[in-house]
Amino acid sequence: MTTALDRPWLKHYPAGVPADIDTEAYPSLVALMNDAMQRYASRAAYSFMGKDFSFADIDQASQALAAYLQSLGLKRGERVAVMMPNVPQYPVAVAAILRAGYVVVNVNPLYTARELSHQLRDAGVKAIIIIENFASTLEACIQETEVEHVVLAAMGDTLGVLKGMLVNYVVRNAKKLVPPFNLPDAVRFNDALSRGSRLSWKPVDLGPDDVAVLQYTGGTTGVSKGAVLLHRQIVANLLQSEAWNQPALQNMPADEQLTVVCALPLYHIFAFTVNMMLGMRMGSRNILIPNPRDLPAVLKELAKHRIHSFPAVNTLFAGLANHPDFSKVDWSHLRVSLGGGMAVQGAVARLWLDKTGCPVVEGYGLSETSPSASCNPTDSQAFTGTIGMPLPNTYMMVLDDDGRELPLGEPGEIAIKGPQVMAGYWQRPDETAKVMTAEGFFRTGDIGTMDERGYFKIVDRKKDMILVSGFNVYPNEVEDVAMNLEGVLECAAVGEPDEHSGEAVKLVIVRSRPGLTEDEVRAHCRANLTGYKQPKIIEFREELPKTPVGKVLRRELRSAR
């Protein structure tokens, strides 16, 4: 029997991709960033609203912010949260936090006060760098947290005095995207940079086993917890991804800089690693897209650039390819269309290939794997409908419920072992023990198969998790929120197929108050759940289907598939 330990996929690797890479090339992410900022100093690292920011700009600003953060008296290893969309302040903040010897806690800027409070308290966050658009959310929960320091950014901070003032005026007054807030002790981002520039940043000797990032996820159960990603784990994943990309990029002109679309949110591990950190390593230019839902604005921005790489989720590929302005962008230089975060639909992949000439190569990963674990070859000529092969240094196998490896083609739980797999869940050894095998494999909760070539295919999910546009939604969380609404006797949340987002949340409710309305439920969920977690379908029933012992039968609540 062929087993995953034989790594049968190596025989099918593209030419030039090694079986293993040197995961110890850098002692830390900071060492990697320092190297990149010096090597590529004069190159543009980011493009945002018509302005380029060089690696030297990011270097200088992050040193100043690192010095400012160190002046606050935070101890090495303290957690500092970042809560912003894709703006230049994001990479500056991340580089500063790491360079100052602290741990990055990525926060979804669309979180409600309840969700934000949980994450800040769970991580023990002492400082947060946040854009003012979401400051009212922080104000609503800051007293419940350990946060002592707030650095407050604005959309136009980095665009120069005149343009910055104009952008901020439009954002605050014309579009009214900044709700009123009161954070009297907050320090403005540019003031923090100014203060830090008069101080000296003290480099910290960070090693491979220092914690770099807490990436919050539901894991394979409902409670949100932080995947502990060490410096060596993210460094390994960057180098694995760089090697995997080479077949598609090797024929690019030597003097042409790689330009990557950064439309996925940087707080999500996919863009954090594949855009921001890999961009550092490869000296790439990232086009920052602050609002990927505004498709006309996205296409207008992309029309200004020669694009080589586009990481995206299925919904974004579909939305763009079906937009009437799609042809205004020159797609002829596109070398890699990387699909991840959720399953890429065959029809969308065919349309994308037809319109760009560049096939979508689907990859797979999780917050717990930094994130990339497998991918289709980047020199593929067609969409395969699989999640490809494990990356260099990575082992994947299919296990039964007792942890035994299953034969080829037989479905079971996908498990992953490699240098990119997390150290565990933050302060939750019990949850860590549930997902890690004695041999060091991470059990993903996804059900899949492996074929004779070592290609993996996902066929189902072991848990009840719902996947909305690449984001995990855990029924328990939606149900807990709904149960706090007066008039809800019982409820259950399940995933329903959705042509736009892959799945949508369906909430089935048994009322204790006959007058409870759908509008009341929606308003309550809106106040307590970020957008993608809110139920799209609300259904009232007299009772929920249950097993003899009283467990809700979720599968009977789903529509026939």
Side-chain angles (χ1 to χ4, degrees), residues 29-30 32-66 82 84-96 98-99 131 153 155-164 167 189-190 193 197 238 241-242 245-246 248-249 252-266 271-292 297-312 329-338:
L29 268 177
V30 172
L32 183 148
M33 289 191 299
N34 290 345
D35 176 50
M37 288 174 187
Q38 291 170 14
R39 193 188 313 181
Y40 305 120
S42 62
R43 283 191 191 180
Y46 297 95
S47 292
F48 178 71
M49 290 191 176
K51 183 176 177 182
D52 281 349
F53 300 84
S54 69
F55 282 87
D57 293 333
I58 304 299
D59 184 13
Q60 185 179 354
S62 63
Q63 281 194 44
L65 187 57
V82 187
M84 290 188 278
N86 291 1
V87 292
Q89 298 97 311
Y90 208 121
V92 169
V94 167
L98 294 174
R99 289 176 127 181
I131 200 160
M155 193 67 77
D157 278 342
T158 58
L159 299 174
V161 177
L162 289 178
K163 186 172 182 179
V167 167
F189 187 87
N190 285 349
L193 290 187
S197 67
L238 297 180
S241 300
E242 180 185 39
N245 274 316
Q246 288 315 304
L249 304 178
M252 274 183 60
D255 59 345
E256 188 165 358
Q257 184 185 11
L258 182 67
T259 298
V260 186
V261 179
C262 186
L264 298 171
L266 284 168
F272 183 88
T273 298
V274 172
N275 283 97
M276 180 164 56
M277 289 301 175
L278 188 57
M280 278 278 175
R281 163 66 183 172
M282 299 180 70
S284 312
R285 176 207 302 258
N286 268 286
I287 306 165
L288 294 176
I289 305 293
N291 180 14
V298 173
L299 291 165
K300 184 178 178 182
E301 180 62 32
L302 298 188
K304 302 172 187 172
H305 303 274
R306 283 170 69 127
I307 300 159
H308 304 108
S309 177
F310 196 163
V329 178
D330 177 6
W331 299 100
S332 65
H333 303 282
L334 188 61
R335 302 300 176 94
V336 181
S337 300
L338 177 62

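Residue numbers count from 1 along this sequence.
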Other residues, nucleotides and ligands only: do more than 12 of their heavy atoms fall within 6.0 Å of NZ on Lys300?
no
Taking Arg99 for its side chain and Leu65 for its backbone only, find out whether a donor-acceptor pair lies under 3.5 Å.
no
Please give me the minimum heavy-atom distance between Ser197 and Ala64, naming the atom from each residue.
N-CB, 3.8 Å
Heavy-atom count check: over 12 atoms from other residues, nucleotides or ligands less than 6.0 Å from Gln257 CD?
yes
Side chain to side chain contact (heavy atoms under 4.5 Å, CB included) between Leu288 and Tyr90, intermediate numbers included
CA-CA 10 Å; Leu288 294 176; Tyr90 208 121; over 6 Å; no
Nearest 0.5 Å please: distance from the CE atom of Met276 over to the SG atom of Cys262.
8.0 Å
Compare all side-chain heavy atoms of Asn291 with those of Pro85 and state whether any distance is below 4.5 angstrom.
no
Criterion side chain to side chain contact (heavy atoms under 4.5 Å, CB included) on Thr259 and Arg306, from CA distance to verdict:
CA-CA 7 Å; Thr259 298; Arg306 283 170 69 127; 5.6 Å; no
Does a side-chain heavy-atom distance below 4.5 Å link Val336 with Val260?
no
Distance-only side-chain donor-acceptor flag, Asn34 / Gln38, under 3.5 Å:
no
Donor-acceptor contact below 3.5 Å, side chain Gln89 vs main chain Thr158
no
Output all residues satisfying ring-ring contact (aromatic ring centres under 6.0 Å, His included) with Phe189, sequence neighbours left out; order by chain, then residue number.
none
Results of salt bridge (Lys or Arg N to Asp or Glu O under 4.0 Å) for Asp52 - residues two or more places apart only
Arg285
Measuring from atom CG of Leu278 to atom CE of Met282, what distance do you get when rounded to the nearest 0.5 angstrom?
5.5 Å
Sort and list the pairs that fulfil ring pair (Phe, Tyr, Trp, His ring centres under 6.0 Å) and have at least one residue in residues 44-64, not counting sequence neighbours.
Tyr40-Phe55
Partner set under salt bridge (Lys or Arg N to Asp or Glu O under 4.0 Å) for Arg281, not counting sequence neighbours:
Glu242
So how far is it from Asn86 CG to Ile289 CD1, rounded to the nearest 0.5 Å?
8.0 Å
Considering all heavy atoms of both residues, which atom of Ala96 and which atom of Ser62 are nearest to each other, and what is their separation?
CB-O, 3.4 Å
Would you confirm whether Asn286, through its side chain, and Ala45, through its main-chain N or O, come within 3.5 Å as a donor-acceptor pair?
no
Please check: side-chain N/O of Asp57 versus main-chain N/O of Ser54, any donor-acceptor pairing under 3.5 Å?
yes
Starting at CG of Asn275, measure out to CE of Met280 and round the result to the nearest 0.5 Å.
12.5 Å
Has the side chain of Lys163 got a donor or acceptor atom that lies under 3.5 Å from a matching backbone atom of Lys51?
no
Can you see whether His308 engages Glu256 through a side-chain donor-acceptor pair at a distance of less than 3.5 angstrom?
yes
Nearest 0.5 angstrom please: Leu258 CG to Leu249 CG, how far?
5.5 Å
Considering residues at least two apart in sequence or located in another chain, which fulfil the salt bridge (Lys or Arg N to Asp or Glu O under 4.0 Å) criterion with Arg43?
none
Please report the interatomic distance CG(Leu98) to CE(Met33), rounded to the nearest 0.5 Å.
4.5 Å
According to the salt bridge (Lys or Arg N to Asp or Glu O under 4.0 Å) rule, which pairs have a member within residues 85-95, sequence neighbours left out?
none
For Leu32 and Met277, which heavy atoms make the closest approach, and how far apart are they?
CD2-O, 4.4 Å
Walk me through whether Glu301 and Val261 qualify under side chain to side chain contact (heavy atoms under 4.5 Å, CB included).
CA-CA 10 Å; Glu301 180 62 32; Val261 179; over 6 Å; no
Do Arg335 and Asn245 have side chains that approach each other closer than 4.5 Å (heavy atoms only, starting at C-beta)?
no
